[in-house]
Amino acid sequence: MAKKTSKTSPSDNATIHDQKLHRGAGGELHQFAEDGTPVLTTAQGGPVSDDQNTLRVGARGPALIDDFHFREKIFHFDHERIPERVVHARGYGAHGYFETYESLAAYTRADLFQRPGEKTPAFVRFSTVAGSKGSFDLARDVRGFAVKLYTQQGNWDLVGNNIPVFFIQDAIKFPDVVHSVKPEPDREFPQAQSAHDNFWDFITLTPESMHMIMWVMSDRAIPRSFRFMEGFGVHTFRFVNAADESTFVKFHWKPKLGLQSVAWNEAVKINGADPDFHRRDLWQSIQSGNFPEWELCVQLFDQDFADTFDFDILDPTKIIPEEILPVKPVGRLVLDRMPENFFAETEQVAFMTQNVPPGIDFSNDPLLQGRNFSYLDTQLKRLGGPNFTHLPINAPKCPFHNFQQDGHMAMRNPVGRVNYQPNSWNQGPRESPVQGYRHFPAEEQGPKVRLRPESFADHYSQARQFFISQTPPEQRHIAAALIFELSKVETPVIRERMVSHLLNIDETLASKVGHALGFKSMPTPADAAMPTRQDLKPSPALSIVERGPKRFEGRKLGILVTDDTDAAIFKALLAEITEQRATFEVIAPKIGGVTLSDGNWIEAHQMIDGGPSVLYDAVALLPSSAGTSDLLKEATAHDFVSDAFVHCKFIGYVETALPLMQKAGIADSLDEGVIGLGAAGDVAAFIKALGKLRVWAREPSVKLN
């Protein structure tokens with residue numbers, strides 16, 4: 001037995017230092033690496049050799065359950081928060097249904113894809129990733145887009161985001177990227193923001209994040225509404241048909257109303273005016289009967305395509321451009337009912353990527369493999385025990401039978417004598433080789449190793465492709481977002497590292513960011529495992545502006561009125577807006593309302609102090625002459641007009657509003673987006689123009705960002 005001592009003898013120290021160990025004040029041993037830094041260990045004290053890669057079969061094989069380090073790291077991370085989610089804490093959900101367009105039996109035996117016209121109940125939860133439950137809606141962030149489909153063969157959880165790629169390639173790094181973006185632990189701020197040292201330090205030390213960063217710094221990260229954003233399954237999955245034949249599949253949700261985002265300056269002001277902006281928008285849309293709708297589209301491909309595609313289809317930081325592999329619409333998702341109780345449904349809903357029905361299977365994407373392993377732990381901690389499927393929001397809507405029993409908050413248990421199988425009484429459920437879930441019998445081989453395949457090594461080419469696929473306004477917004485975020489980073493070397501990465505993506509972008517940050521000279525480009533490809537063509541599908549709706553349907557017009565507002569023009573606006581399947585709100589000096597020129601009284605939805613123009617997609621200025629005189633004394637009225645102009649929105653106006661426009665500083669800068677409404681007959685042309693949503697040609701002159 002080793003001798004116990006309370007102090008370290010000189011001879012002990014010599015031995016310890018030879019082994020690069022050091023005994024602390026309490027007698028504990030600390031391990032140090034060759035460079036003198038402490039050795040990373042497990043919670044049990046075991047030194048870790050590789051914290052970057054999960055243990056898998058070969059370079060591209062599945063993850064192994066005997067990776068105790070990954071298991072412990074994810075297990076602890078999943079249990080960090082009580083009771084709110086560690087990530088995606090701020091969420092909002094709705095019920096609806098999924099309707100299948102046509103049979104996909106040739107590709108998958110999944111029951112919901114067998115019969116055209118069949119409707120499957122659904123619940124969808126939208127969320128932000130970084131902020132707490134009490135944060136604001138318009139943070140610059142990834143949006144969760146998680147769909148639970150209650151199929152006749154069990155629940156299918158398609159747990160995706162509004163961005164088709166992710167920051168990391170291996171799930172073992174998930175705790176690190178989330179820790180970096182969360183409030184810094186010594187000060188607990190900033191909340192729901194990535195503009196701080198920790199996040200950009202991690203990102204600049206993780207080149208695989210560069211593609212995702214282009215998306216997060218784009219307008220995709222500040223969507224106008226849940227209704228106007230795409231969703232993606234992110235990973236490569238498999239369809240498996242009745243003959244056990246596999247087809248690779250990527251999932252896309254396409255909004256029927258088209259894509260739309262807000263400007264950063266606009267987002268900041270929306271958060272101040274209405275931090276529940278996205279929640280309110282979804283609630284009002286569904287309550288008014290304007291049900292949001294998306295199409296589920298798939299990219300289907302075989303092993304030959306996977307083998308010849310420019311990038312590895314298992315790499316979650318890569319996409320397959322739609323111009324190379326078009327998407328196929330296979331059904332539609334409609335949200336038509338809000339939860340009866342937010343906590344019981346939206347807060348308690350439990351999504352898990354491993355919830356798939358027969359006919360849908362997984363690929364060896366290392367991030368997906370880790371998510372499959374992780375989510376069960378998360379639900380156990382958040383919902384208090386293994387019986388969270390007993391909660392109505394999580395329970396299947398098809399018949400289900402098993403021998404699971406007891407545990408915390410069990411709502412049901414096996415009835416009768418038998419609670420196991422096989423049994424001599426031939427009672428209870430049994431497995432079914434025919435109907436039951438069968439994994440695709442992929443052949444795997446290779447050494448048991450921790451490494452990244454070389455096919456994952458190109459970190460800049462698709463980042464460049466995304467950037468060159470954006471329109472000039474969108475490229476300006478990416479540059480402005482990078483400048484703003486990096487200006488909040490206090491450590492100069494982190495700012496320099498990020499610009500060194502940008503040099504591998506686009507030199508003009510890097511130069512613009514570096515100049516705005518005050519660099520006296522540009523850094524050298526970051527070391528790249530693979531050179532940036534210059535031959536990848538722009539993909540118009542990656543641009544919000546290029547894929548804009550070209551119509552005003554589903555949007556909202558803000559109408560500023562006063563007493564004696566022209567009744568004919570006001571009524572014409574309402575008629576045209578209704579015809580376009582859009583909505584409107586009336587903004588007045590007082591919430592009570594106003595009397596129109598024909599003597600009719602109309603109630604206001606907002607008073608000018610509480611209804612800034614950032615809440616609307618376009619505005620109409622209809623004050624009377626006397627009303628304008630009163631508004632000239634209101635600073636909020638000036639802001640209403642100037643913000644609408646600066647945010648490149650369409651503005652309709654009557655002649656009596658010109659003094660207010662002059663006061664707001666825009667009367668001398670009128671362009672094609674500022675449209676006069678001299679009479680009711682002018683309204684139709686104004687409403688038709690709104691389909692463009694923004695007047696981007698105005699942006700350089702007003703310096704929107």
Side-chain angles (χ1 to χ4, degrees), residues 88 91-105 108-127 144-160 226-227 229 231-233 237 239 249 251-256 279 282-283 285-298 329-360 375 379 383 387-402 411-412 435 437:
H88 297 276
Y92 208 57
H95 293 274
Y97 62 87
F98 174 77
E99 183 178 4
T100 302
Y101 285 164
E102 62 185 80
S103 173
L104 297 179
T108 177
R109 62 176 178 270
D111 183 76
L112 80 162
F113 290 124
Q114 303 306 304
R115 295 168 294 279
E118 180 162 320
K119 294 181 179 180
T120 300
F123 185 82
V124 179
R125 186 177 187 272
F126 304 103
S127 56
F145 195 126
V147 182
K148 186 181 288 290
L149 296 164
Y150 302 91
T151 85
Q152 295 185 31
Q153 289 186 308
N155 293 349
W156 175 25
D157 292 350
L158 186 51
V159 194
F226 298 139
R227 300 179 293 125
M229 72 181 192
F232 302 91
F237 291 84
F239 273 162
V249 58
F251 297 106
H252 302 244
W253 295 106
K254 302 286 189 182
K256 281 291 193 71
R279 293 181 171 203
L282 185 64
W283 171 275
S285 176
I286 292 177
Q287 295 298 87
S288 66
N290 295 315
F291 301 140
E293 186 172 332
W294 291 259
E295 279 194 314
L296 178 62
C297 301
V298 295
V330 297
R332 68 182 185 124
L333 172 70
V334 179
L335 299 183
D336 59 4
R337 178 168 61 90
M338 295 303 300
E340 294 181 356
N341 182 275
F342 176 84
F343 180 83
E345 299 171 71
T346 305
E347 273 301 288
Q348 291 195 129
V349 67
F351 294 97
M352 295 185 290
T353 55
Q354 64 266 36
N355 284 354
V356 291
I360 297 174
Y375 278 51
Q379 309 310 340
L383 300 174
N387 293 315
F388 58 85
T389 57
H390 294 201
L391 297 168
I393 191 64
N394 296 318
K397 297 187 185 299
C398 63
F400 55 95
H401 312 279
N402 55 58
M411 304 295 176
R412 56 181 179 268
Q435 298 181 48
Y437 189 96

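Just so you know, these numbers come straight off a predicted model, no measurement behind them.
Residues Gln153 and Val356 are not in side-chain contact: their nearest non-hydrogen atoms beyond the backbone lie 4.5 Å or more apart. Residues Arg227 and Pro255 have side chains not in contact (no heavy-atom distance under 4.5 Å, counting atoms from C-beta outward). By the 4.5 Å heavy-atom criterion applied to side chains, Ser103 and Phe113 are not counted as neighbours. Looking at heavy atoms from C-beta onward, Phe342 lies in side-chain contact with Glu347 at the 4.5 angstrom threshold. Proximity of Leu104 to Val330: side-chain heavy atoms (C-beta onward) are separated by under 4.5 Å at one or more points.
Ring geometry for Trp294 against Phe126 counts as tilted: the plane angle lies between 30° and 60°, on a 0 to 90° scale. The aromatic rings of Phe351 and Phe123 lie parallel to each other, their planes meeting at an angle below 30°, with 60° marking the opposite boundary.
Residue Arg115 holds its CZ atom at 8.0 Å from OG1 of Thr120, rounded to the nearest 0.5 Å. Annotation: the span from Arg125 atom CZ to Thr346 atom OG1 amounts to 7.0 Å, rounded to 0.5 Å. To the nearest 0.5 angstrom, His390 atom NE2 is 8.0 Å from Met411 atom CE. The line from NZ of Lys254 to CG of Leu333 is 14.5 Å long, rounded to the nearest 0.5 Å. Rounding to the nearest 0.5 Å places CG of Leu335 at 6.5 Å from CG of Leu282. Atom CG of residue Asn341 and atom CD of residue Gln348 lie 8.5 Å apart, to the nearest 0.5 angstrom.
With His95 as the fixed residue, the side-chain contact (heavy atoms from CB on, under 4.5 Å) test singles out one of Lys148, Met338, Glu345: Glu345.
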Side chain to side chain donor-acceptor pair (under 3.5 Å) between Glu118 and Gln152, worked out: CA-CA 11 Å; Glu118 180 162 320; Gln152 295 185 31; 3.0 Å; yes

Verdict with supporting geometry, Val147 and Val159, side-chain contact (heavy atoms from CB on, under 4.5 Å): CA-CA 6 Å; Val147 182; Val159 194; over 6 Å; no

Criterion side-chain contact (heavy atoms from CB on, under 4.5 Å) on Trp253 and Phe232, from CA distance to verdict: CA-CA 6 Å; Trp253 295 106; Phe232 302 91; over 6 Å; no

Stepwise side-chain contact (heavy atoms from CB on, under 4.5 Å) check, Leu149 with Asn155: CA-CA 6 Å; Leu149 296 164; Asn155 293 349; over 6 Å; no

Phe251 vs Phe237, side-chain contact (heavy atoms from CB on, under 4.5 Å): CA-CA, chis, key distance, verdict: CA-CA 8 Å; Phe251 297 106; Phe237 291 84; 3.8 Å; yes

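Nearest heavy atom pair, residue His88 against residue Ser127, reads ND1-OG, 2.7 Å. For the pair Pro339 and Ala94, the tightest heavy-atom approach, listed with the atom from each and the gap, is CD-CA, 4.2 Å. Scanning both residues, Gly233 and Leu158, for their nearest heavy atoms gives CA-CD1, 4.2 Å. Scanning both residues, Thr353 and Tyr375, for their nearest heavy atoms gives N-CD2, 3.9 Å. Nearest approach of Gly154 to Cys398, heavy atoms of both residues: N-SG, 3.4 Å. Here the closest heavy-atom approach between residue Pro292 and residue Ile286 is recorded as CD-CG1, 3.7 Å.
By the side-chain hydrogen bond (donor to acceptor under 3.5 Å, both in side chains) test, Gln114 is found to be paired with no residue, residues two or more places apart in sequence or in another chain being considered. Take Asn355 and apply the side-chain hydrogen bond (donor to acceptor under 3.5 Å, both in side chains) test, not counting sequence neighbours, and it matches Asp157.
Sorted by first and then second residue, the salt bridge (Lys or Arg N to Asp or Glu O under 4.0 Å) pairs with a member in residues 333-344 form an empty list; sequence neighbours excluded.
Other residues, nucleotides and ligands contribute more than 12 heavy atoms inside 6.0 Å of the CD atom of Glu102.
A distance-only check finds a donor-acceptor pair linking the side chain of Tyr150 to the backbone of Ile393 [under 3.5 Å]. One N or O on the side chain of Thr100 and one on the backbone of Leu112 form a donor-acceptor pair closer than 3.5 Å. Of the possible polar contacts, none joining the Arg109 side chain to the Phe239 backbone as a donor-acceptor pair under 3.5 Å is found.
A donor-acceptor pair shorter than 3.5 Å cannot be found between the side chains of His252 and Glu295.
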